[in-house]
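Encoded as structure tokens, the structure appears first; notes follow it.
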Amino acid sequence: MRHPTGGNCVDETGCDFEKITACAFDGVPESKQVSFLACMDEQRVGTPQSCAQTCAIKDDLHYNAIEDCFNGPRGNELLANASKAFNDALPGSTTIPHTFVNTADVQPSYTTLKLALCQAGSSAKVCKSLVEDADGLNSYRKCTV
């Protein structure tokens, strides 16, 4: 989001979904953040609050704390911090989605992301099939025995 107040976010008028998501992320482990975000992405109908409440229940988060953050100054502070981070990282024109692995800017395609994540040290099962080609380019293949 370029401007959290008085502007729009990437895929909504206003920034209420981003604000309530930032509130849900505040102080919770990354694993719960990922699960919460996936749940929010799956919600098709409802307000930011009703969607967040559904996802908070699913992920065992305290919805009242999320709602208090959303309605209070903390929500605006988190949204302003997210806007600053976005603008610092991507000051000009950008694409959405825009993906990073650690600090490396990575094209948002499955193959490219998979390669970057594996090269960054992921222990995901899919990384076990990573091989180095003779010409030094990385590719994937199924192991045959």
Side-chain angles (χ1 to χ4, degrees), residues 1-63 65-67 69-70 74-145:
M1 75 209 71
R2 293 288 178 204
H3 309 285
T5 57
N8 294 327
C9 284
V10 172
D11 58 357
E12 68 171 315
T13 301
C15 293
D16 286 350
F17 274 92
E18 282 80 359
K19 183 177 174 182
I20 205 152
T21 300
C23 286
F25 284 12
D26 195 27
V28 302
E30 199 171 277
S31 61
K32 289 203 177 215
Q33 292 176 10
V34 170
S35 180
F36 183 88
L37 185 59
C39 179
M40 289 292 282
D41 285 345
E42 292 169 358
Q43 301 301 306
R44 300 288 182 231
V45 180
T47 65
Q49 295 88 336
S50 67
C51 293
Q53 186 170 27
T54 297
C55 296
I57 291 167
K58 178 180 175 277
D59 292 315
D60 197 28
L61 300 177
H62 300 285
Y63 178 72
I66 295 169
E67 186 176 45
C69 170
F70 179 81
R74 181 69 177 148
N76 292 330
E77 177 186 341
L78 292 170
L79 202 56
N81 292 344
S83 177
K84 181 176 179 352
F86 178 80
N87 286 306
D88 287 351
L90 303 165
S93 211
T94 190
T95 58
I96 303 295
H98 203 100
T99 54
F100 292 90
V101 174
N102 295 324
T103 57
D105 193 353
V106 178
Q107 291 298 314
S109 73
Y110 177 76
T111 302
T112 306
L113 279 170
K114 181 171 64 170
L115 177 62
L117 289 165
C118 292
Q119 287 177 330
S122 173
S123 60
K125 190 176 181 179
V126 70
C127 293
K128 295 193 185 339
S129 63
L130 180 67
V131 295
E132 187 75 21
D133 287 341
D135 62 359
L137 298 175
N138 289 305
S139 65
Y140 290 88
R141 67 172 166 84
K142 291 184 179 179
C143 295
T144 56
V145 180

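Along the sequence shown, the residues carry numbers beginning at 1.
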Problem - Validation row: Gln43, Cys55 side chains within 4.5 angstrom (heavy atoms) - result: yes
Exercise for the section: Would you check if Ile66 and Gln53 make a side-chain contact, meaning some heavy-atom pair closer than 4.5 Å? Expected result: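 No - every pair of side-chain heavy atoms lies 4.5 Å or more apart.
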What heavy-atom pair brings [X] and [Y] nearest, and what distance separates the two atoms?
X     : Y     : result
Gly75 : Cys23 : CA-SG, 3.6 Å
Thr21 : Met40 : OG1-CE, 3.9 Å
Ala24 : Val28 : O-CG2, 3.3 Å

Pairwise distance [atom1]([X]) to [atom2]([Y]) - rounded to 0.5 angstrom:
X      : Y      : atom1 : atom2 : value
Leu61  : Asp26  : CG    : CG    : 11.5 Å
Leu117 : Ser123 : CG    : OG    : 11.0 Å
Lys58  : Lys32  : NZ    : NZ    : 10.5 Å
Leu37  : Glu42  : CG    : CD    : 10.0 Å
Cys51  : Asp41  : SG    : CG    : 10.5 Å
Cys69  : Leu78  : SG    : CG    : 5.0 Å

Exercise for the section: Take Glu67 and Ile20 through the test side-chain contact (heavy atoms from CB on, under 4.5 Å) and record every step on the way to the result. Expected result: CA-CA 7 Å; Glu67 186 176 45; Ile20 205 152; 5.9 Å; no
Got a donor-acceptor contact below 3.5 angstrom from the [X] side chain to the [Y] backbone?
X      : Y      : answer
Glu18  : Leu79  : no
Ser35  : Ser31  : no
Thr112 : Ser109 : no

Practice task
Give a yes or no on whether Glu77 atom CD has more than 12 heavy-atom contacts from other residues, nucleotides or ligands under 6.0 Å away.
Solution key: yes
Problem - Heavy atoms of other groups near His98 NE2, more than 12 under 6.0 Å - result: yes
Practice task
Could you please spell out the steps behind the side-chain contact (heavy atoms from CB on, under 4.5 Å) verdict for Asp16 and Gln49?
Solution key: CA-CA 9 Å; Asp16 286 350; Gln49 295 88 336; 5.6 Å; no
Handout entry: Contacts of Thr99 that satisfy side chain to side chain contact (heavy atoms under 4.5 Å, CB included) - sequence neighbours left out
Key =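 With sequence neighbours excluded, Thr99 shows a side chain to side chain contact (heavy atoms under 4.5 Å, CB included) to Val106, Pro108, Leu113, given in chain and number order.
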Practice task
Just grab all the ring-ring contact (aromatic ring centres under 6.0 Å, His included) pairs involving residues 13-50, residues at least two apart or on different chains.
Solution key: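 Every candidate ring-ring contact (aromatic ring centres under 6.0 Å, His included) pair involving residues 13-50 fails, so no pair, neighbours aside, qualifies.
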